[in-house]
Amino acid sequence: MGSLSPAISSKLLLPTTTSDRTSFHALIRSSFPCRGERPNMIGVFKRTHCVASAEKKSKSAIDFSDPEWKTKFEEDFEKRFNIPHMRDFFPDAVSYPSTFCLRMRTPVSEEFAQGYPSDEEWHGYINNNDRVLLKVIRYSSLTSAGAECIDPDCTWVEQWIHRAGPREKIYFKPEDVKAAIITCGGLCPGLNDVIRQIVITLEIYGVKKIVGIPFGYRGFGNELAEIPLSRKVVQNVHLSGGSLLGVSRGGPNVSEIVDSMKERGINMLFVLGGNGTHAGANAIHNELIKRGLKVAVVGVPKTIDNDILLMDKTFGFDTAVEEAQRAINSAYIEAHSAYRGVGIVKLMGRSSGFIAMQAALASGQIDICLIPEVPFELHGPHGVLKHLKYLLETKGSAVICVAEGAGQNFVEKTNAKDASGNVVLGDIGVHIQQEIKKYFKEIGDPADVKYIDPTYMIRACRANASDGILCTVLGQNAVHGAFAGYSGITVGICNTHYVYLPIPQVISYPRTVDPNSRMWHRCLTSTGQPDFI
Ligand SMILES: Nc1ncnc2c1ncn2[C@@H]1O[C@H](COP(=O)(O)OP(=O)(O)O)[C@@H](O)[C@H]1O
Ligand SMILES: O=P(O)(O)OC[C@H]1O[C@](O)(COP(=O)(O)O)[C@@H](O)[C@@H]1O
Ligand SMILES: [Mg+2]
């Protein structure tokens with residue numbers, strides 16, 4: 001393991017504006033070519049396998065010899081994780097006592113003629129100054145496994161983020177609200193659960209006009225009619241997978257979406273989607289502000305790939321891992337029952353191998369787990385095929401779990417993109433299957449290869465119980481955030497607590513498995529696989 005270059009470790013760029021941050025992340029990526037060593041998006045050093053090139057380092061950096069650097073870092077962190085509020089853009093924004101009351105769950109009268117039921121003594125409101133600690137481990141050294149430190153000495157620095165939940169003051173009168181819900185990108189278990197909770201919570205605040213926009217951002221095209229939503233409509237939707245509203249990739253541009261929102265009179269937008277969707281939601285939020293429109297845009301991160309930064313996990317991920325067990329178990333049984341059987345399971349994960357890693361860990365039936373974050377060779381003395389031969393000779397069978405984004409260097413690039421601009425990946429599962437068959441034929445040993453691709457099965461199912469709970473809390477908090485007057489935010493779970501985060505902070509780049517993390521090490525311990533390079 002190499003150590004950090006002194007030139008790099010002595011200073012660190014601290015971005016303050018959005019454009020600064022964009023260049024910060026670009027700089028970080030270009031300056032730290034080795035995955036394990038670059039500071040992450042909150043400027044954190046990680047233990048490295050190689051040394052970065054110091055000359056690419058920014059001139060504008062924090063000087064760790066400055067006795068004030070820690071205070072400056074904490075202040076900058078507070079600024080970056082500030083959640084945008086109506087008051088920031090509309091100083092004359094008026095607040096009202098909340099209509100969300102834990103004791104009195106419905107407004108006092110249908111028409112709010114008697115005012116809002118806000119004079120109970122205790123409502124369970126969140127104070128705007130409540131915070132959640134983002135990092136809870138105090139590493140003593142960069143040599144600690146998975147260490148994330150701000151400076152080379154691993155000084156303890158507090159990083160606080162905003163606590164989610166209902167506030168005492170709201171910035172929308174429920175009778176003036178027209179709320180819209182939209183689901184974008186690919187499917188994910190739990191979408192219906194989140195939709196359901198958003199609708200139910202909106203109704204508890206007293207909102208009457210709630211609609212679903214069909215088929216993601218495409219639904220803002222004029223030809224698609226809104227779907228009226230109410231508790232009655234959503235009551236049982238969580239019992240099935242998919243999205244009641246439909247999903248899509250691509251769609252109108254941001255300006256057209258905002259035109260459409262204005263025309264429809266939407267002043268609360270709940271956006272369920274992944275990195276791309278959130279980039280869209282943030283752009284919509286900025287455009288609305290630019291046009292002086294008082295609209296709350298709140299995201300709920302959706303991705304079975306679990307590739308959103310800073311969160312413990314995203315909803316649907318646990319369900320996907322659980323569903324993957326069925327495919328892995330089938331592959332295991334097939335492989336185990338065959339003479340020199342090899343089972344291959346391909347799982348989703350465009351650039352992040354979380355599903356493959358966790359599914360391998362959960363099953364205990366995987367011998368080789370291949371993820372996009374960890375390079376490997378197929379051929380050669382240290383390659384996957386050599387190890388497979390060893391496994392067949394010693395165990396008699398083997399099971400491989402491969403993430404769809406792994407080993408893309410082995411498959412032909414098409415340069416094709418989907419409607420959202422995501423690169424269309426080559427099929428690594430099919431490629432590995434063919435290479436295994438070819439290899440064993442060439443060496444004259446038999447191998448009975450069975451390939452299972454459960455790709456869409458693991459994301460089209462309904463959410464399991466723990467995801468159902470996560471969806472419930474996230475959906476409710478999304479509504480609380482909108483009523484509290486926040487916009488351009490997303491909800492998440494952080495160290496088991498629920499938080500609001502400014503969208504740009506969670507989508508700077510996809511979250512990936514850290515090959516130096518304890519979890520990846522646990523996976524390697526479990527599979528017993530060597531390095532394949
Ligand atoms: N950078 C972006 N700015 C605005 N909209 C985007 C951006 N990236 C993607 N989108 C839109 O967000 C939606 C979902 O994006 P996609 O990448 O397919 O899924 P996900 O949100 O799950 O990552 C699509 O309608 C796409 O057009
Ligand atoms: O076939 P589709 O609908 O494009 O979906 C495939 C993609 O969906 C995912 O599961 C999740 O992607 P999103 O988060 O963008 O929805 C990826 O792992 C995978 O590449
Ligand atoms: Mg995406």
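Values in this document were obtained by computation on a predicted structure and should not be read as measured data. In listed order, ligands and their atoms are each counted from 1.
Aromatic ring centres of F81 and H162: separated by at least 6.0 Å. Between F89 and H285, a ring centre-to-centre spacing shorter than 6.0 Å is recorded. Separation of the Y171 and H85 ring centroids falls under the 6.0 Å cut-off.
Distance from atom 20 (O) of ligand 2 to its nearest protein heavy atom, with residue and atom name: E404 OE2, 2.7 Å. When only non-hydrogen protein atoms are considered, atom 12 (O) of ligand 2 lies nearest to R350 NH2, 3.3 Å. Ranking protein heavy atoms by distance to atom 9 (C) of ligand 2, first place goes to M348 SD, 3.7 Å. Nearest protein neighbour of atom 26 (C) of ligand 1, counting heavy atoms only, is S420 OG, 3.4 Å. Protein heavy atom at the shortest distance from atom 11 (C) of ligand 2 is D305 OD2, 3.7 Å. Among protein heavy atoms, atom 3 (O) of ligand 2 sits closest to R459 NH2, 2.8 Å. Looking only at heavy atoms of the protein, atom 15 (O) of ligand 2 is closest to R249 NH1, 3.0 Å. With hydrogens left out, the protein atom closest to atom 1 (O) of ligand 2 is Y456 OH, 2.4 Å, a heavy atom.
Under a 3.5 Å cut-off, the side chain of E334 and the backbone N or O of G341 do not form any donor-acceptor pair. K135 places no side-chain N or O within 3.5 Å of a backbone atom of E148 that could act as its donor or acceptor partner.
For ligand 1, the polar-atom distance check finds an N/O of N422 within less than 3.5 Å of one of the ligand's N/O atoms. By the 3.5 Å distance cut-off applied to N or O atoms, G185 is not counted among the residues near ligand 1. Between S248 and ligand 1, no N or O atom pair is found at a separation short of 3.5 Å. Looking at G276 next to ligand 1, an N or O pair under 3.5 Å apart turns up. Annotation: G250 places an N or O atom under 3.5 Å from an N or O atom of ligand 1; distance criterion only. Considering both main-chain and side-chain atoms, H278 never comes within under 3.5 Å of ligand 1 through any nitrogen or oxygen pair.
Under the 4.0 angstrom criterion for non-hydrogen atoms, G186 is in contact with ligand 2.
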Quiz prompt | L347 vs T455, side chain to side chain contact (heavy atoms under 4.5 Å, CB included): CA-CA, chis, key distance, verdict | solution = CA-CA 6 Å; L347 295 171; T455 299; over 6 Å; no
